[in-house]
**Student:** 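Dumping the structure here so I can ask a few things about it.
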Amino acid sequence: VKLAGLLLTSLAAWYLGCLFAALIPKQTTAASVTNLQDIGMKPVLRAPVPERQKCDRWSPCAPGNYGYWILSGGGKGKLPEICFEDELLISKEKGNVGRGINIAIVSCNCVIDSTDHSGEMTTFIKNTPEGSLLLMVTYDDGSTRLKNDTKKLVEELGSKEIWNMKFRSSWAFIAAKGFKLPDNIQKEKINHSDKKKNKYGGWPAEIRIEGCIPRNLI
């Protein structure tokens with residue numbers, strides 16, 4: 001009886017298959033098979049590669065703006081960098097990084113870097129032409145030789161952290177001489193050395209600031 005039932009079921013399935021094959025047009029069957037094959041041949045859609053921003057910044061600047069970022073040092077092998085538009089002004093590759101406070105001046109397409117000696121730094125800032133940008137960043141320690149008259153001068157440029165700088169504090173700052181920077185840009189950041197939290201032994205982690213400055217200000 002079981003064998004007979006199995007045979008009847010097989011015959012019924014065969015008959016239904018023949019019936020469907022006779023009723024469905026051959027063109028439809030061929031089109032379905034072709035569509036299944038096309039699925040495997042279609043290219044996989046991938047998100048486009050993000051457009052590179054000037055100075056490899058995290059966000060773009062609107063047209064009519066200069067872009068900048070300042071990265072402090074962090075440990076002996078992590079030297080600071082200052083980038084304006086798409087040009088590295090101070091970096092390990094440039095060979096112009098020194099211990100202390102490094103300064104780059106952007107004025108009339110000229111770029112200068114300074115020493116970390118407090119007296120020379122004071123003279124350097126005072127001699128900076130009006131209408132210039134000053135981008136400052138520390139490497140190793142920028143506080144030990146920094147005298148009060150120099151701190152006062154940097155404070156007058158708009159720094160709120162220069163008096164709080166301690167031994168090996170990571171510090172980045174951008175200022176304008178002779179004009180006012182927009183209130184909404186990131187101008188300064190500091191990170192103090194802490195033996196329990198230091199990332200590089202006696203050095204704290206590096207810090208980074210970036211922003212956009214309207215071209216008509218410079």
Side-chain angles (χ1 to χ4, degrees), residues 49-116 121 124-125 128 131-143 154-155 157-162 164-165 168-193 198-200 203-218:
V49 177
E51 183 180 353
R52 179 187 174 276
Q53 305 303 327
K54 290 181 178 180
C55 287
D56 291 323
R57 298 172 68 257
W58 292 325
S59 57
C61 286
N65 284 260
Y66 290 118
Y68 70 88
W69 64 259
I70 306 172
L71 176 70
S72 74
K76 292 183 178 179
K78 190 73 174 180
L79 274 62
E81 293 182 348
I82 295 177
C83 185
F84 188 80
E85 272 298 90
D86 209 19
E87 182 180 355
L88 277 174
L89 307 183
I90 288 180
S91 68
K92 180 179 180 180
E93 290 74 18
K94 287 275 187 179
N96 57 357
V97 175
R99 180 178 180 271
I101 297 176
N102 296 266
I103 306 178
I105 299 294
V106 177
S107 176
C108 303
N109 296 322
C110 66
V111 178
I112 312 169
D113 59 281
S114 83
T115 177
D116 66 308
M121 180 175 169
F124 180 77
I125 293 175
T128 298
S132 300
L133 281 173
L134 297 93
L135 301 91
M136 308 184 188
V137 68
T138 55
Y139 173 58
D140 195 342
D141 174 51
S143 66
V154 176
E155 181 185 37
L157 289 172
S159 173
K160 297 179 180 179
E161 299 289 354
I162 190 65
N164 298 324
M165 192 182 296
R168 281 185 176 165
S169 293
S170 295
W171 177 68
F173 175 56
I174 182 170
K177 187 174 181 181
F179 65 97
K180 186 178 184 297
L181 291 174
D183 293 330
N184 62 342
I185 70 169
Q186 190 178 24
K187 303 180 184 71
E188 187 174 28
K189 194 173 182 181
I190 195 167
N191 185 20
H192 299 298
S193 177
N198 281 343
K199 183 177 181 180
Y200 303 102
W203 287 263
E206 65 271 25
I207 55 174
R208 170 173 170 159
I209 62 173
E210 67 173 56
C212 304
I213 301 173
R215 291 174 178 265
N216 58 8
L217 292 180
I218 306 174

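Values reported hereafter were calculated over all heavy atoms of this structure, with side chains retained and with hydrogens, waters and symmetry mates removed.
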**Student:** Tell me if a side-chain donor or acceptor on Asn191 pairs with a main-chain N or O of Pro204 at a distance below 3.5 Å.
**Tutor:** no

**Student:** Spell out, as yes or no, whether a donor-acceptor pair under 3.5 Å connects the side chain of Ser170 to the backbone of Ala205.
**Tutor:** yes

**Student:** How about Ile103 and Leu135: do any of their side-chain heavy atoms sit closer than 4.5 Å?
**Tutor:** no

**Student:** Could you give me the CA-CA distance, side-chain angles and deciding distance for Glu85 and Tyr68, then say whether side chain to side chain donor-acceptor pair (under 3.5 Å) is met?
**Tutor:** CA-CA 6 Å; Glu85 272 298 90; Tyr68 70 88; over 6 Å; no

**Student:** Could you walk me through whether Asn102 and Val97 pass the side chain to side chain contact (heavy atoms under 4.5 Å, CB included) check?
**Tutor:** CA-CA 7 Å; Asn102 296 266; Val97 175; 4.3 Å; yes

**Student:** What's the verdict on salt bridge (charged side-chain N to carboxylate O under 4.0 Å, His left out) for Arg208 and Glu210, showing C-alpha distance, side-chain angles and the deciding distance?
**Tutor:** CA-CA 7 Å; Arg208 170 173 170 159; Glu210 67 173 56; 3.3 Å; yes

**Student:** Using only atom types and a distance under 3.5 Å, with no angle test, would you say the side chain of Asp86 pairs donor to acceptor with the backbone of Cys55?
**Tutor:** yes

**Student:** When you compare the side chain of Leu71 with that of Pro80, does any pair of heavy atoms fall below 4.5 Å?
**Tutor:** no

**Student:** In this structure, which one of Thr128, Ile125, Leu89 forms a side-chain contact (heavy atoms from CB on, under 4.5 Å) with Ile105?
**Tutor:** Thr128

**Student:** Decide side chain to side chain donor-acceptor pair (under 3.5 Å) for Ser193 and Asn198; before the verdict, give the C-alpha distance in whole Å, the side-chain angles of both, and the deciding distance to 0.1 Å.
**Tutor:** CA-CA 6 Å; Ser193 177; Asn198 281 343; 3.1 Å; yes

**Student:** With a 4.5 Å heavy-atom cut-off, do Leu133 and Leu181 have their side chains touching?
**Tutor:** yes

**Student:** Atom NZ of residue position Lys177 - does it have more than 12 heavy atoms of other residues, nucleotides or ligands inside 6.0 Å?
**Tutor:** yes

**Student:** Just by distance, no angles: are the side chains of Glu188 and Trp171 close enough, under 3.5 Å, to form a donor-acceptor pair?
**Tutor:** yes

**Student:** Would you name the heavy atoms of Gly67 and Cys61 that are closest together and state the gap between them?
**Tutor:** CA-SG, 3.6 Å

**Student:** Testing the basics here: between Asp141 and Arg168, what is the closest heavy-atom pair and its distance to 0.1 Å?
**Tutor:** OD1-N, 3.0 Å

**Student:** Are the side chains of Lys78 and Lys92 in contact, using a 4.5 Å heavy-atom criterion?
**Tutor:** no

**Student:** Would you say that Ile70 contacts Ile174 through its side chain, given a criterion of any heavy-atom pair below 4.5 Å between the two side chains?
**Tutor:** yes

**Student:** Is the shortest heavy-atom distance from the side chain of Ile209 to the side chain of Ile207 under 4.5 Å?
**Tutor:** no

